[in-house]
Every structure is written in C-alpha cells, then in structure tokens.
Amino acid sequence: MLEIKDLKATVDGKEILKGINLNIKPGEVHAIMGPNGSGKSTLANILAGRNGYEVTGGSINYNGHALVDMEPEIRAREGIFLAMQYPIEIPGVSNIYFLKNAVNEVRKHHGESELDAMDFMKILKEKMKLLEMKNELIYRAINEGFSGGEKKRNEILQMLLLQPKLAIMDETDSGLDIDALQTISKGVNSLRSAERSFLMITHYQRLLNYIQPDFVHVLARGTIVKSGGKELAAQLEQEGYAFLDNAEAI
Amino acid sequence: MIKLHLDAEKNLLQQFSEQQSKRAEQEPLWLTDIREQAQQNFQQLGLPHRKVENWKYTNVSKLVGKGFQVAAINAMDSIDITPYMISDLDCYRIVLINGQLIAEHSDLDLLKDNVTVNDLATAFATSGNSIEEYFDKVVDYTSQPFASLNSMFFNNGLLLEVAKNAILDKPIHIINISQNTDADLVSYLRNLWLIGKNSQVDIIESHHATDDSCHFVNALSEIVLQDNARCTHYKTHFINQASYHVAGIHIAQQRDSYYEQQSFALSGELVRNDIQVRLQDLGAECKLNGLYRAEDNQHIDYHIIVDHQKPHGTSIENFKGIMDGSGHGVFNGKVIVRPDAQKSDAQQMNKNLLLTKRAEVDTKPELEIYADDVKCSHGSTVGQLDEDALFYLQSRGFNAETAKNLLVYGFASDLINEVSIQPLQQLLKQEILSHLPLVSHFEELV
Ligand SMILES: Nc1ncnc2c1ncn2[C@@H]1O[C@H](COP(=O)(O)OP(=O)(O)O)[C@@H](O)[C@H]1O
Ligand SMILES: [Mg+2]
C-alpha cells in the first residue's frame, strides 16, 4: 500500500526528515509516536501533498504510484486521507456543500455516479449518528465556530464519508475528553478492514487503547528510532521519551 | 492628457451655454442659479486627473475622451423591461430610461398613498412643493466635478417622497435603463428621495443598459431621512465591461434616522461611487456595506465620507474587494467626527483579496476626529488566498481552481448574505458565481 524509502525533506532549507523508512501493507494499523517537533506532522503533510515541504531524497510509493508528483486532490481521490491536527475554518462555504461535493469528486474520479441530495443525506445522517454529531453542524460554514472536539469529529466524519484506502490521523486525539475519544475511536474502528490501512500520529498512548495498532514507531529528530508492536506504546507511556537521548537510529 | 482635458472642458462649457440660453426660459429661477453655480464650480475643478488628490488612483482619460453628448431622453416608445426585472421579486416598480420616468411601466398608482413619485421636470414646473427646499441642498460639490456636470446637464430625474409614518410592505425597485441612441453619449440621472418622519422603506436601485455598446452614466442622488426614518438602499449595476458608471450619493440624516446602503459593483470598465453621509442630528445611524470586484481592464473606485456632526451618531462600514487579472480597486473612506459629535461610534473596515500578481488595490481609511469622547475603529487589509485553506479543500478532492473559487465566494459571502431581500440575494449570488465556476449548485453553499 505505502512504501516510504529513505525519505528526506526540508522546510525553508532546514532538514526535518532525515531518512524515513516505513512500509504499510493493506489492513495494517501503524502508529507513529514521538516528541513535539520531531517531524510527525511534516511526514503526514508530505503524504497528503501540502505545499511548503521539499522532498530532497528517497521515495514514496503508493499503490504503484510515485506519490511526490501527484496533486493533493488526486491523492485524495485515489484514497489518501489526512485528518488534520488543526482543521481549517472556511467562512461562507457550508459544511454540507463541502461534504457532499468532496464525496462526489471522489466518486466521479472512479467513474461512479454522483450521489443526489437524498442519497447523500441518508449516508450522512447515519455517519453523524455514529459520531454523535449535532445536526446543525452540517449547515454551518466549514469548521466555523466549531469547538475543538467538533472540529475533530468533523474530520472523522469526512473520513467515514470518503472511505479512504490510507487514513492518516494527525493528533486526532489531542484536546479530546474521554467521551469524545471513545466516540471517535468507534468511528475509526468501524472503518477498519482488510484493505484499509491507517497511520495514526499521536503524542499519547491513550488513543492506542481504543484503536489498537499492529505496529508502533518512534520518530525522533527526523528518523524512526525504534519500531515494535503495541507494547512499545505502553513502554513509552511509562518511561517517556527520555531513552531517546541514548538511542541510535535503527 | 491635459490637452484632452482642456478640449473636453471647453466643449462642455460651450454645450452648457448653448443649452442654458434655451433652458432658462422654462426653468424656475432658483434652478437656473443652481445650474450656473454648478458651472462655475466645474470651471474651477475641471475634469479630474491624477494630480488631483481625490482622483489620484483613478484615471478618467478614457472617459474624458468620450464626447459627453447628453443622451436624449425621448426613449423608445415601447421597451421590454422584463430583462431588467428581478425574478420572483414582489415589489413596487419604478422605471426610468436615461433619467426619464416611464409611467406606464411604473406602479405609481399602487404607491400613491405612501409614496409620491414625480419626475423632476414636472416638480420644477409646479410650485408649492418641497422640492425647492431640498433640491441641491444635500450634495457637496467639493472635489466632485461629475456632480457639477450632473447639475449642469441633467434633463430630468426622479423625485420620490415617502410619506410621514408610511411603512412600505414591499421594496421599491427603481430600474434605471441606459439607452444609447448614438455613440459617445452620457446619460445623466438625478434623484431626490425624501424619506418622511417615522417612515420605513427598502429601495433597490439597479442600473442596466439596453445593448452591448459603451454606456456612460453619471448619476447624482440626494437622499434626506427625516426624524426616525429608516431606509435600506441596495444599489447595483449590471453593465458590460466597456461601460462607465460614475455616481454620487449624498445622504442627509436627521434625528434618530437609520440609513443603510448595500452597494455592489461587480461589472463595468470604470466605476466610481462617491458616497457621502452626513449625520446631521442626534442619534442618527448609518451602515454602509460594499462589495466590489474587478478583473482585466476594470477599475472600481469607492470614495466615502461619513460625517458625524451631532452626538450619539453611529456608523458602520464594511467594504470588501476582489481583484482578479489586472483589475484595480480603490477604497478611500473618510470618517469625520466634528467637535460637537461626542459619543459617536464609527467603525470602518475594508478587506481586499488579490488573486493575481497584476491585480492592484489602493486602500486608504482616514479618520478626522475633533471630539474626545468617541469610539472609532478602522482597518484595512490586502491579502491573498489562504494557502492552508486551499490545501484543506484540495486534500478533500476539490481541484485547485474549484478550491480557489470556493474561498473567493466565502470571502464575499457575508456581504451577500446580508441582502435580506431573497430574490436580490439570489441574483447577486449568481452574478458573483458567474465568475467563479464551482462543482455544483450554489443553493447549498450556505
Ligand atoms: N511550515 C514550517 N515552517 C518552518 N518550520 C516548520 C514548518 N513546519 C514544521 N516546521 C519545523 O519542523 C519541525 C517538525 O515539525 P512538525 O512536523 O510539526 O513536528 P511534530 O508534528 O512532530 O510536532 C519543527 O522544528 C518545526 O518547527
Ligand atoms: Mg504535529
């Protein structure tokens, strides 16, 4: 599904990613943990195609395509989804317009017919119920005046609607209370399947209690310094990131 | 350029003296005085050029090159006005062609009890009405050469009097149609609206042209709001990208009156709107909204003065500009708070979006405050589209062009949504969206 080889990237000439290797197969759930500023969001943004990062070395292969050359919208239509750490507010464009047309852009790309308002509403209502979202949120402008938790739910709602092949979540858990975390996890878990892969970026082990990963990687200073199973997350939680000071890149 | 100006000025003064010798016999003496005063004023000001402060950013030489022949007012006998109506709008309609009231297309009878509608020529010929008291009393000609020209040359116009205590159940839609019978004409429109005590009215003023030739409209409006009157005034024009629209709107507000203008300038090669509001008595309140958009070869200019003359006045201005291609926008908003006008509250905001490197905007908010106990704020911004927002939309499958268009629409949407007359709101939405192709219907946008 996703093969990252020796990926190096700079921001404003400063090297942030210093040779990342990561291999995600269909159906796998990977978690990336690491201290603030280690490059987690940088990696996520590069995968989604955000401007402002320069890939200076290595490669990213996504289902046989060289990802770096793809426009962000093509990546999205091809099944890459990034739930953002800081979802953007867009005044004047209603959430429902945004959601419906996003779904239809992806459907068109795959040669499927567009959903009409009624069919779309049916699906939307069902997903919103799962995420315990207030109805009025779909009639407001995108993320405008949403609370932190509502923004995060809205991200996961988009994920549920777009049904990505590779779902990347950047600190989706940060700032959420336990109830919200549980609800969101329920949504994410409902998407898990043998074909769909996840890359979860988080600072805390907490999320991984609800969405159990197959692999955990520790990112520090731009490289993956340790990889393991979900027990690694528990170890990090107890010992903190202090051990990294001595750790060698693997 | 200066030679061009001098020739045009000479020509205009010549035209004026020829007309005036005939006109003076028909018109009341006081009107003759007004016209001659305007002529002297014009002679002093001359046609504007870029060395004149108030016209620094707006080059009118294209316009000066036109002949300035006054358009005839004997319009076509039968004209189909349906293209100029706003669909689904329930309103009282008033139709003018080149400044001439067309009674057969206007709902004069329906308005009768609440609103008196007259053409100016008729009103001038009748004595004992209020026209002499108000006409030409509101306009301030300071650095307004086009207003001077209007007073020199207008043939006819509209007198609209909303009766004391009248509350209108439907908006009045004033349809102004410009009809070229020849090339290089200018159509002078003149308005005097008297909004009576305690009355309440919504007025839509729209401007149209009958064909695709270059139309040049010079409009001058005086609006008086008497004590406690309320008027919401929507102004928009639908003209081609080769036409000129120069308008002066001068408003005098009396005690506790409320005036709101929502102005939309979304087409035309050269558009200049001078809006001047004088809060002449206690507790007067005004709100001015404006949305302008310019693309290649378009120039849109708003010059606004809000003059707080008495205590407890409130003014709110919210203007937004979208500059695409090589479009050029100008916003100059001056707020004056006179020594007497304590407890005034004046807010002004101008935000501009530049969509290309060639697009340009000159924005200048000005405050002149002579009172100490006042609340004033002003600000202006010039920016590009938000990269993060563009990425957000693209990362959900929208292509770059659609993402851009959605953001531009979002930028303008608060001003469009404030149009509380739904059919007009829809029309303006369509107008904006005609430049912003989107993935699907806009009804769902908000
Ligand atoms: N747009 C940017 N401009 C400048 N520096 C950036 C930018 N984005 C990230 N960085 C820098 O890159 C490093 C990694 O940031 P980030 O990927 O956000 O870390 P994390 O998500 O792990 O907290 C930090 O030192 C940060 O300051
Ligand atoms: Mg981060």
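Computed from a prediction, not measured in an experiment: that's the story for all the values here. Order of the sequence lines sets the chain letters (A, B, ...), proteins ahead of strands, with each chain counted from 1.
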| Would you say the side chain of I90(A) lies within less than 4.5 Å of the side chain of L406(B), judging by non-hydrogen atoms? | no
| task | Could you tell me which non-hydrogen atom of A76(A) sits nearest to which non-hydrogen atom of S395(B), and how far apart they are? | result | CB-O, 3.2 Å
| From L393(B) atom CG to I142(A) atom CD1, the distance as rounded to the nearest 0.5 Å | 5.5 Å
| request: Could you walk me through whether D388(B) and Y86(A) pass the side-chain hydrogen bond (donor to acceptor under 3.5 Å, both in side chains) test, one step at a time? | output: CA-CA 10 Å; D388(B) 290 339; Y86(A) 304 109; over 6 Å; no
| message | If you count heavy atoms of other groups shown closer than 6.0 angstrom to NZ of K351(B), is the number above 12? | response | no
| message | Looking at every heavy atom in both G49(A) and F391(B), which two are closest together, and how far apart are they? | response | C-CE1, 3.7 Å
| So with a 6.0 Å cut-off around CG of N240(B), is the heavy-atom count from everything else above 12? | yes
| message | I'd like to verify something: which residue of R77(A), R140(A), R50(A) has the highest number of heavy-atom pairs under 4.5 Å with chain B? | response | R50(A)
| field | Part of I74(A) within contact of chain B (heavy atom distance under 4.5 Å) | value | neither
| field | Validation row, ring centre Y97(A) to ring centre Y409(B) under 6.0 Å | value | no
| field | Interface moiety of E155(A) toward chain B, non-hydrogen atoms closer than 4.5 Å | value | side chain
| query | Taking all atoms of both residues into account, what is the closest heavy-atom pair of F98(A) and F398(B), and its distance? | reply | O-CZ, 3.4 Å
| Heavy-atom closest contact (N399(B) atom, E73(A) atom, distance) | CA-OE2, 3.5 Å
| message | Counting only non-hydrogen atoms closer than 4.5 Å, does A141(A) touch chain B with its backbone (N, CA, C, O), its side chain (CB onward), both, or neither? | response | neither
| message | As an exercise, state the distance from CZ of R396(B) to CE of M159(A), rounded to the nearest 0.5 Å. | response | 10.0 Å
| request: Please report the closest heavy-atom contact between S413(B) and G92(A), naming both atoms and the distance. | output: OG-CA, 3.0 Å
